[in-house]
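Scope of the values below: all heavy atoms of this structure, side chains included, with no hydrogens, waters or symmetry mates. Naming convention: chains lettered A, B, ... in sequence-line order (proteins, then strands); numbering from 1 in each chain.
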Amino acid sequence: MKAFYATVEIEGFTFAFVVADGKVIRAKFLTKESDEAFAEEIEREGIKAERNPFALQHLVRLLQSYASGGRIALEKVPVFMNGSSHDVKVYKAIRRLTFGHTATYGEIARIVGSSARAVGRALARNRVPLFIPCHRVIRSDGTLGGFTPSVEIKKLLLKLEGFSL
DNA sequence: GAGTCATTTCCAC
DNA sequence: GTGGAAATGACTC
């Protein structure tokens with residue numbers, strides 16, 4: 001598969017994403033690893049990704065304005081969802097959450113007919129964070145819950161969307 | 001199967 | 001109201 005990748009700085013974190021066939025197939029906040037390491041990780045999955053911010057400049061701009069506080073509907077960007085049918089149901093439910101809205105794990109669970117615990121597991125495996133806005137899913141007691149790789153990122157993203165934490 | 005979770009809910013204090 | 005335990009369901013090994 002032929003794919004392109006690019007990175008964007010969001011609030012001091014590097015966000016890398018891979019696009020193939022006009023869809024985002026993989027995204028990740030890089031905490032420790034370099035973007036080269038990210039490219040290698042992608043390649044191990046059988047995807048040859050070439051760094052080409054120019055080809056992806058539309059998305060790069062979108063992310064940059066999101067990073068500077070713009071109301072960008074990232075959940076509208078086409079993504080490739082892989083995972084079990086349960087995972088995909090969870091992802092679809094979450095993509096209905098628009099900018100500035102949140103839901104609890106339990107609410108998502110009721111929509112897809114599973115349990116809060118299972119929703120958390122599905123989100124932990126989310127391959128396209130931000131585009132599937134898993135940071136908008138919080139715990140019912142008002143605390144954040146978890147985030148991979150770091151809740152600090154979840155906190156930042158929610159702050160970007162206007163929540164005071 | 002047993003063990004692992006990015007949770008929730010219920011029931012004693 | 002708080003704290004702990006049980007229920008929970010999908011997943012991995």
Side-chain angles (χ1 to χ4, degrees), chain A residues 1 5 7-20 23-35 37-38 40-47 59 62-63 66-67 69 71-165:
Chain A
M1 182 156 32
Y5 79 95
T7 59
V8 181
E9 288 298 313
I10 299 179
E11 295 282 312
F13 287 98
T14 303
F15 179 72
F17 62 100
V18 185
V19 177
K23 284 182 182 172
V24 181
I25 58 170
R26 195 89 162 70
K28 190 177 190 180
F29 280 95
L30 305 181
T31 45
K32 294 193 190 106
E33 71 266 56
S34 63
D35 46 347
F38 174 66
E40 280 168 25
E41 186 183 325
I42 302 300
E43 198 162 336
R44 274 198 297 277
E45 296 174 19
I47 300 161
L59 272 176
L62 221 54
L63 288 162
Y66 177 83
R71 259 188 107 83
I72 307 297
L74 292 177
E75 70 279 359
K76 296 268 162 46
V77 173
V79 297
F80 178 73
M81 296 183 206
N82 60 353
S84 64
S85 66
H86 172 262
D87 288 352
V88 172
K89 267 194 270 184
V90 171
Y91 299 154
K92 281 185 178 162
I94 289 164
R95 298 246 299 171
R96 288 210 288 270
L97 294 172
T98 52
F99 192 100
H101 288 79
T102 57
T104 65
Y105 292 97
E107 281 164 359
I108 302 298
R110 272 193 293 279
I111 293 171
V112 303
S114 76
S115 77
R117 212 79 180 76
V119 170
R121 296 282 290 133
L123 296 192
R125 283 192 305 275
N126 178 13
R127 315 258 275 175
V128 280
L130 218 53
F131 300 105
I132 292 173
C134 53
H135 57 283
R136 293 179 188 145
V137 183
I138 57 177
R139 291 177 49 138
S140 65
D141 61 6
T143 59
L144 287 186
F147 196 78
T148 306
S150 139
V151 284
E152 289 307 305
I153 295 171
K154 186 173 192 170
K155 212 183 285 184
L156 267 167
L157 294 174
L158 287 170
K159 210 189 285 179
L160 265 183
E161 300 195 7
F163 293 93
S164 47
L165 299 169

(request) Evaluate the ring planes of A:Phe29 and A:Phe15, with Trp represented by its six-membered ring, and classify them as parallel (under 30°), tilted (30 to 60°) or perpendicular (over 60°). (result) tilted
(request) Spell out, as yes or no, whether a donor-acceptor pair under 3.5 Å connects the side chain of A:Tyr91 to the backbone of A:Asn82. (result) no
(request) Measure the distance from CD1 on A:Ile111 to P on B:dT7 and round it to the nearest whole Å. (result) 18 Å
(message) Tell me the interatomic distance from A:Tyr105, atom OH, to B:dT9, atom P, rounded to whole angstroms.
(response) 14 Å
(request) Measure from the side chain of A:Thr148, starting at C-beta and using heavy atoms only, and say which of B:dT9, C:dG9, B:dA6 lies closest. (result) B:dA6
(message) Quick check for you: to the nearest 0.5 Å, what is the distance between A:Lys76 atom NZ and A:Thr98 atom OG1?
(response) 7.0 Å
(request) Any strand is fair game: report the nucleotide pairing with C:dC13 by Watson-Crick or G-U wobble, both distances under 3.5 Å, or none. (result) B:dG1
(message) Taking only the P atom of each, what is the distance from B:dG3 to C:dA6 in whole angstrom?
(response) 15 Å
(request) State, to 0.1 Å, how close A:Arg136 and A:Leu97 come at their nearest heavy-atom pair, and which atoms those are. (result) NH1-O, 2.9 Å
(message) I want to check one thing: is the phosphate of C:dA10, taken as OP1 and OP2, less than 4.0 Å away from some side-chain N or O of A:Arg121?
(response) no
(message) Using whole Å, what does the distance between atom P of nucleotide C:dA10 and atom OH of A:Tyr91 come to?
(response) 14 Å
(request) Using whole Å, report how far CG of A:Leu144 lies from C1' of B:dT7. (result) 14 Å
(request) Return the nucleotide paired to C:dT2: Watson-Crick means purine N1 to pyrimidine N3 with N6-O4 or O6-N4, wobble means G-U with N1-O2 and O6-N3, both under 3.5 Å. (result) B:dA12
(message) How many whole angstroms separate atom CZ of A:Arg139 from atom P of B:dC5?
(response) 15 Å
(request) Could you verify whether a donor N or O on one side chain and an acceptor N or O on the other, from A:Glu161 and A:Tyr66, lie under 3.5 Å apart? (result) yes
(message) Does A:Asp87 reach a base, just sugar-phosphate, or nothing at all? Heavy atoms under 4.0 Å.
(response) sugar-phosphate
(message) If I take atom CZ in residue A:Arg125 and atom C1' in nucleotide B:dT4, what distance separates them, rounded to the nearest angstrom?
(response) 11 Å
(request) Starting from the 5' end of DNA chain B, give me the residue, A:Arg117 or A:Gly106, whose nearest nucleotide shows up first. (result) A:Arg117
(request) Using atom CG of A:Leu123 as one end and atom C1' of B:dT8 as the other, report the distance to the nearest whole Å. (result) 15 Å
(request) Send over the distance from A:Glu107 CD to B:dT9 P, rounded to a whole Å. (result) 10 Å
(message) Mind checking if A:Ser140 touches a base, just sugar-phosphate, or nothing, with heavy atoms under 4.0 Å?
(response) sugar-phosphate
